[in-house]
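Written out below as structure tokens is the structure these notes cover.
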Protein chains: 2
Amino acid sequence: MPTPDRTSLDEIVRAGRRLLESAGLDGLTMQAVADSVGVRAPSLYKRVRGRTELVALIAEATAYELGDRLEAAAAAESDPERAVVTLARAVRAFAHERPAAFWLVFAPGGGAAIDPETLRRASAPVLRVAADLVGDDDALNAARMVTAWANGFVSMELSGAFRLGGDVDLAFEFGVARLGEALARPAA
Amino acid sequence: MPTPDRTSLDEIVRAGRRLLESAGLDGLTMQAVADSVGVRAPSLYKRVRGRTELVALIAEATAYELGDRLEAAAAAESDPERAVVTLARAVRAFAHERPAAFWLVFAPGGGAAIDPETLRRASAPVLRVAADLVGDDDALNAARMVTAWANGFVSMELSGAFRLGGDVDLAFEFGVARLGEALARPAA
DNA sequence: ACCTGAACACCGTTCAAGT
DNA sequence: ACCTGAACACCGTTCAAGT
């Protein structure tokens, strides 16, 4: 006799994302997720292979959402040098909003690696802006330079590596301005 | 009646660092560390408050060692623009050597934050080179730009975010070259 | 076909008892 | 003063038994 479904994969992932931000990765336990969706922990294994997969799904959903944000940010600015600034600010805003999830997306570990298609989707707007700025040949290199800097800046910001004085907001604007210039008007 | 010491804090931290690289952060269990130094797990608590503190000590030691490497790299190159390249390469080499520990240093979590003094020590060479390059006023901003980019690049490299084709080594050299130019010869 | 209680292996940590 | 076995609370996960 079938039992009516008491939860769903979608609900589980949503609960997981909420827990991740409120309680950290350590607080994201199967027990807590189960409680949150109103089910016993073993039932989660009907929808998810295990905690590792749940974490991967959360990272995936986060990368997808970041892609949306970047797409919207890129659409709002036609001048490529200013679009770089807009994109970088969008990354930073997203990271401040969901620090734990943002961290997860760029966390190492092989197993939880983002799906290549999601990765391509999330980086598409940056790649497009980079191509506008430096041409197709250097587009990938330029996109990687921008994403590396933006990701590194907010990662260090989130990890508390910028505690040695100075204005962090100004440091961000300094960096993104120089970055845009360097790509738009390369020396030598 | 005193018992002769069967291990030491130093040995514990060394074993922890070894385990971190060989088995990952998840494999860094108190049990494994205890086995590694030839003692039972509860004995570790005579030298360390708990696993959290052990992880923090490992991060601390790693940041310290990274500082040494950067100091040596900076000393090997007097031209500031080339010193930036040398420093960035040193960061990358260190990250490739000890990926898990490198990750730990920049991991978030408040609790495991690096000691400010160690942080200052590790960033001193970068700050010095930045000052040579752009002057004292912009030195901190420039240093943050370089470290953010370098850290972001290798973090993404380690996390497998650069899997969309293209030559990653070339992307690194492209980035560091443009970075050096941007700082040495700012536009506008 | 989903859900559950019970159970297992494993973890971090505490503590009384040994030497 | 350090070390240990035993114990506790808490994980992730499995599985037979319920509906």
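A note on names: the letters A, B, ... follow the listed sequences, proteins ahead of strands, and every chain is numbered from 1.
Sequence neighbours left out, the pairs with a member in residues 117-150 of chain A that pass ring-ring contact (aromatic ring centres under 6.0 Å, His included) are A:W149-A:F153, A:W149-A:F172.
Among residues two or more places apart in sequence or in another chain, the salt bridge (charged side-chain N to carboxylate O under 4.0 Å, His left out) test is passed with B:R14 by B:D10. Residues passing the salt bridge (charged side-chain N to carboxylate O under 4.0 Å, His left out) test with A:D132: none are found, sequence neighbours excluded. Among residues two or more places apart in sequence or in another chain, the salt bridge (charged side-chain N to carboxylate O under 4.0 Å, His left out) test is passed with A:R144 by none. Under the side-chain hydrogen bond (donor to acceptor under 3.5 Å, both in side chains) criterion, A:D167 pairs with no residue at all, not counting sequence neighbours. Considering only residues two or more places apart in sequence or on other chains, B:E81 meets the side chain to side chain contact (heavy atoms under 4.5 Å, CB included) condition with B:D79, B:L133, B:E181, B:A184, B:R185. Not counting sequence neighbours, the partners of A:T62 by the side chain to side chain contact (heavy atoms under 4.5 Å, CB included) test are A:R17, A:I58, A:F94, A:A101, A:V105.
For A:R6 and C:dA1, the CZ to C1' distance is 12 Å, given to the nearest whole Å. Following rounding to the nearest Å, A:L44 (CG) and D:dG12 (P) show an atom-to-atom distance of 10 Å. When rounded to the nearest whole Å, the span between NZ of B:K46 and P of C:dA17 equals 15 Å. Across the protein-nucleic acid pair, B:R51 atom CZ and D:dC11 atom P stand 15 Å apart, rounded to whole Å. If you take CG of B:L19 and C1' of C:dG12, they are 16 Å apart, rounded to a whole angstrom. To the nearest angstrom, C1' of C:dG12 lies 14 Å from CD of B:E53. The distance between atom OH of A:Y45 and atom C1' of D:dC15, rounded to the nearest whole Å, is 13 Å. Distance B:I12 CD1 to D:dC2 C1': 12 Å, rounded to the nearest Å.
Ionic pairing of A:D5 and A:K46 is not present here: no N-O contact between side-chain nitrogen and carboxylate oxygen is shorter than 4.0 angstrom.
Within a heavy-atom distance below 4.0 Å of DNA chain C, the residues of residues 21-43 of chain B found are B:L28, B:T29, B:M30, B:Q31, B:P42.
Across all strands, B:T7 comes closer than 4.0 Å only to sugar-phosphate atoms, never to a base (heavy-atom distances). At a threshold of 4.0 angstrom between heavy atoms, the contacts of B:R49 with the nucleic acid are absent.
Under 3.5 Å, the side chains of A:N151 and A:T147 contain no donor-acceptor pair of N or O atoms.
Closest contact between the side chain of A:R47 and the listed nucleotides C:dC3, D:dT4, D:dT14 involves C:dC3.
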Annotated structure of DNA chain C as dot-bracket, pair cut-off 3.5 Å, Watson-Crick or G-U only, | for inter-strand, is ||.|||||...|||||.||

